[in-house]
There are 4 protein chains.
Amino acid sequence: MARKQNREERRAEIVQALLRVMAHRGYERATVQAIAKEAGLTPGLLHYHFGSKQEILVALVGTIAEVSEQRLAALLAEAEGPDARLAAYLRARLGMGPGAAPEIVAAWVMVGAEAVRQPEVRQVYQRVMAAELRRAETLISEGLAASVRRTEGANAIAAGLVALMQGAFLLASAAPETLPVGYALGQARAYVDAAIAEAPMAAATSTQPS
Amino acid sequence: MARKQNREERRAEIVQALLRVMAHRGYERATVQAIAKEAGLTPGLLHYHFGSKQEILVALVGTIAEVSEQRLAALLAEAEGPDARLAAYLRARLGMGPGAAPEIVAAWVMVGAEAVRQPEVRQVYQRVMAAELRRAETLISEGLAASVRRTEGANAIAAGLVALMQGAFLLASAAPETLPVGYALGQARAYVDAAIAEAPMAAATSTQPS
Amino acid sequence: MARKQNREERRAEIVQALLRVMAHRGYERATVQAIAKEAGLTPGLLHYHFGSKQEILVALVGTIAEVSEQRLAALLAEAEGPDARLAAYLRARLGMGPGAAPEIVAAWVMVGAEAVRQPEVRQVYQRVMAAELRRAETLISEGLAASVRRTEGANAIAAGLVALMQGAFLLASAAPETLPVGYALGQARAYVDAAIAEAPMAAATSTQPS
Amino acid sequence: MARKQNREERRAEIVQALLRVMAHRGYERATVQAIAKEAGLTPGLLHYHFGSKQEILVALVGTIAEVSEQRLAALLAEAEGPDARLAAYLRARLGMGPGAAPEIVAAWVMVGAEAVRQPEVRQVYQRVMAAELRRAETLISEGLAASVRRTEGANAIAAGLVALMQGAFLLASAAPETLPVGYALGQARAYVDAAIAEAPMAAATSTQPS
DNA sequence: AATGAATGAGTGTTCATTCAT
DNA sequence: GATGAATGAACACTCATTCAT
């Protein structure tokens, strides 16, 4: 029984419902019925707002990316200097451990698995990961520059960092109780710091004080 | 005896078929028909050798772990000294990049996703990951000891290393073309080396003559 | 009055939209959404003007019959004598080939198929075809009379003619590229001419033997 | 519960079931459930034997064409001379009126309607109609030759004849009770005879009078 | 040990129709 | 008159599993 235009709200509700269902059941078992029930809607209505189940998944990728970005932006706003900015980034991503938002993390892991076999999902997933890589690379480059280091290695360092974080998400969801508590943030920090500390010094561009 | 061999061979064939199909379609879409076809068998026969599709998946986890272990054992046999042993480990896992055996890697990523929602799968997956952690921890401990460092941090370092590797597998499958080539082995190596180098020195347990 | 006019215009627009959609998708696949979009309206409004989708179809049958009749009337107005009138009829129906108005022809074929299974549609369809038969019979009777032939056969001749024309419509829609170009008008003409020429002479009503 | 291989028989049963259901409900309303019920099978089994509902329809076109061809072959076998062969053809097609096998005729009309909008169906439908046209053309050519007439017009005459017959099928299904009884065979015969009789004489190839 | 037809519950999706606004 | 969100019953199709042979 419909009244005002409410597409965007409904779409957001549906996406959130998919996130919750998917975190526990995975994408395939997140049936349209289950998503609809979680959202308090009927299955037919899901298809009124989304052309297909896959479209909801694609929208979910976007939503997670946005939320993730906003969280980072909020923390970055308060950070001054390369070091604090890097710390803010790691806190934004690994928070109080990846277990802090277990549903989002689990859903994201499922998204990764779907990206392996659904080209449309892979496309948006790759776009998000590419942006993430650039983000990390930028912050690492700043850190390198502040230490008067060459920045060419930033890309590879960022890749290692992103891999470490994504792996932490995966393990937190698929093999909890196996890992030491709260290792991720510390190890990520140590990894980046060491990588910066051991990067070759930049060519002395200026140095001479007047 | 011939019977039993046949039985084991058949089971192995079926497991391999699941691996190949799963790498491309994921577990849910890896239909029994498709697995049977890939193995050159009939659907009915699959259920003669395995009670359910899930049992094949569980067997697959074991198979991948075994293969993985054998590969490592082979490389370790030739390695002398803590440093060489660590290098052998990293080479065994990250080989010539995670893209070297893309089907196994992709299948393993899918296994991780299934572990999130299938308790039976999670159980074996966790067991494998726990063993992996112990492996890494042992090798890292050896490295620390060789550098006369305290070994308490080995657990967390191992966790970070395993996360980095699993993340590299995930990204190689879900977001290829996004990452720099061959970063994983180098970054893992750098991460471990720095972690060892920066670990606190071991308390002088012996030697100090008064 | 403006209201009522608006009402009739809207109904006509909807009927035209059904015609166009049906020509390409058939009746079942002509969804209310698609018809509404084609007419530039909303689905809800469609049901304000028509009680059901079937009602639109019934209205369409009437519309096609009317248009068809008007076209014939216009051509008949210029025709003098039985022969010219018959020619006008055939031209009105087979025009420049049945492909001249492909959407109407295809929609009409779809109407015929729906008439097979929807009694309400069959009723109006039969009414239209009965009128068509009488039309043809009258014109043929005139032709027979002008040739001093008995007119009892006119009914059967008309049936054959109508069948030929409807068959031509069907084949033009369902099997284009299969038939020779422009055969229909010529063959229909030849069929009627021969039927008249070979009808038995009328009983000598006015007996003067030579 | 399955045993011997029986694909062909099952497929034939399913096709026959589609024919019967389609004759009354049309293709869209011939649901897989309804077809399965008519055949005494389960819906899943239909999809075991046919990839899709459309495939059943395509198979039906082939079946009707075969049956039709066999009926014609049987009648042709007994016919001697062009005239008798043409008569056999018309009897094979229009039998004791198109109402003699109403289900097949109605199903065929539905096939025609589906051919308008399903390219895959159109393809097979066109193939069948093209073969039918060639058949008619050949027989008419023989008739023309026997009357020492030019045969160039055979194609158009055949087209008119096929149109008349298909139209008769359509009207018999969609508008029964509207048409005179048994007109079709007589009118078709008259049409062909007249067309042959009025065709231009063949160039005197061998005119030797005795 | 092997076959493959058969089942039945469940899947995503479609759609005419309703109705609060 | 007009909107468009909402419903609910269908729809074609999928699939792990069973089982007579």
Side-chain angles (χ1 to χ4, degrees), chain A residues 1-7 9-11 27-36 40-56, chain B residues 2-3 6-7 10 27-37 40-56, chain C residues 2-3 6-7 10 27-37 40-56, chain D residues 1-7 9-11 27-36 40-56:
Chain A
M1 321 209 168
R3 339 202 161 170
K4 305 281 183 62
Q5 261 179 287
N6 60 351
R7 292 199 91 105
E9 302 145 48
R10 276 279 185 267
R11 286 175 63 97
Y27 176 72
E28 293 278 352
R29 296 261 162 114
T31 68
V32 169
Q33 276 239 337
I35 303 166
L41 306 172
T42 57
L45 193 53
L46 288 216
H47 280 93
Y48 178 76
H49 289 289
F50 287 94
S52 69
K53 192 180 142 185
Q54 196 190 59
E55 271 187 27
I56 313 180
Chain B
R3 281 282 164 78
N6 193 345
R7 216 156 171 142
R10 278 275 191 271
Y27 175 71
E28 294 278 350
R29 293 267 161 106
T31 71
V32 170
Q33 288 261 353
I35 302 167
K37 193 178 175 184
L41 305 173
T42 57
L45 196 51
L46 247 127
H47 277 88
Y48 178 82
H49 289 288
F50 288 94
S52 70
K53 197 179 136 183
Q54 198 189 56
E55 276 187 24
I56 313 178
Chain C
R3 283 280 164 74
N6 193 343
R7 213 154 174 143
R10 276 276 191 272
Y27 175 72
E28 295 279 350
R29 294 267 162 105
T31 71
V32 169
Q33 288 262 355
I35 302 167
K37 192 177 176 185
L41 305 173
T42 58
L45 197 51
L46 246 124
H47 278 87
Y48 178 81
H49 288 290
F50 287 94
S52 71
K53 197 178 136 184
Q54 197 189 57
E55 275 186 24
I56 314 179
Chain D
M1 326 205 166
R3 335 200 162 168
K4 304 283 183 64
Q5 262 181 294
N6 61 351
R7 291 199 91 105
E9 302 145 45
R10 277 279 184 267
R11 284 175 64 97
Y27 175 72
E28 294 277 352
R29 297 261 162 115
T31 68
V32 169
Q33 276 238 339
I35 302 167
L41 306 173
T42 57
L45 194 53
L46 287 217
H47 281 94
Y48 178 77
H49 289 289
F50 286 94
S52 69
K53 194 179 139 184
Q54 196 190 58
E55 271 188 28
I56 314 180

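Letters go in sequence order (proteins before strands), and every chain restarts at 1.
- For the pair B:Y27 and B:Q54, the minimum side-chain heavy-atom distance is below 4.5 Å.
- Looking at the side chain of C:R29, the nearest of the listed nucleotides E:dT13, E:dC15, E:dT17 is E:dC15.
- Where C:A30 and D:G40 each meet DNA chain E at their nearest nucleotide, the meeting point lying more 5' is that of D:G40.
- Proximity of D:R7 to D:Y48: side-chain heavy atoms (C-beta onward) are separated by under 4.5 Å at one or more points.
- Counting to the nearest Å, the C1' atom of F:dA2 and the NZ atom of C:K37 are 19 Å from each other.
- Atom pair A:Q5:CD and F:dA5:C1' shows a separation of 10 Å (rounding to whole Å applied).
- Rounded to whole Å, the distance from CZ on A:R11 to C1' on F:dA5 is 14 Å.
- Remark: DNA chain E forms stems of 3 or more consecutive Watson-Crick or G-U wobble pairs, all pair distances under 3.5 Å, at E:2-21 with F:2-21.
- Side chain of C:K53 to main chain of C:A30: a donor-acceptor pair is present (N/O by atom type, distance under 3.5 Å, no hydrogens or angles).
- Regarding contacts with the backbone of E:dA6, a side-chain N or O of D:H49 is found under 4.0 angstrom from either OP1 or OP2.
- Here the nucleotide nearest the side chain of A:N6, chosen from E:dG12, E:dA5, F:dA6, is F:dA6.
- Taking atom CD on B:Q33 and atom P on F:dT17, their separation rounds to 13 Å, with Å as the unit.
- Of the inter-residue distances, the one linking B:T42 atom OG1 with B:Q33 atom CD reads 9.5 Å to the nearest 0.5 angstrom.
- For C:T31, the side-chain atoms get nearest to E:dA16 when compared with the rest of F:dA5, F:dA16, E:dA16.
- For C:H47, taking side-chain heavy atoms from C-beta onward, the closest of the listed nucleotides E:dT18, E:dG4, E:dA2 is E:dT18.
- Rounded to whole angstrom, the span from the CG atom of A:L46 across to the P atom of E:dT14 amounts to 13 Å.
- The distance between atom CZ of B:F50 and atom C1' of F:dT18, rounded to the nearest whole Å, is 18 Å.
- Between the side chain of D:R11 and the backbone N or O of D:H49, at least one donor-acceptor pair lies under 3.5 Å.
- Distance from the side chain of D:R10 is smallest to E:dA6 among F:dG4, F:dT7, E:dA6.
- D:L41 and D:L46 get closest at one heavy-atom pair: CD1-CD2, 4.1 Å.
- In this structure, A:K53 places its NZ atom 13 Å from C1' of F:dT14, rounding to the nearest Å.
- Between D:E9 and D:Q5 the shortest heavy-atom distance is OE2-O, 4.3 Å.
- Counting all heavy atoms, side chain and backbone alike, A:P43 lies closest to A:A36 at N-CB, 3.7 Å.
- Look at C:R7 and you'll find a side-chain N or O under 4.0 angstrom from OP1 or OP2 of F:dG1.
- Out of F:dA12, E:dA16, F:dT7, the shortest distance to the side chain of A:L45 is found at F:dT7.
- For the pair A:T42 and D:G44, nearest-nucleotide mapping onto DNA chain F gives the more 5' position to A:T42.
- With distances taken from any side-chain atom of D:P43 to the nucleotides F:dC13, E:dG12, E:dG4, the minimum falls on F:dC13.
- Residue D:Y48 places its side chain closer to E:dA6 than to any other of F:dG1, E:dT13, E:dA6.
- Across the interface with DNA chain E, nearest-nucleotide mapping of A:V32 and C:E28 shows A:V32 to be the residue nearer the 5′ end.
- Following rounding to the nearest Å, B:L41 (CG) and E:dG4 (P) show an atom-to-atom distance of 11 Å.
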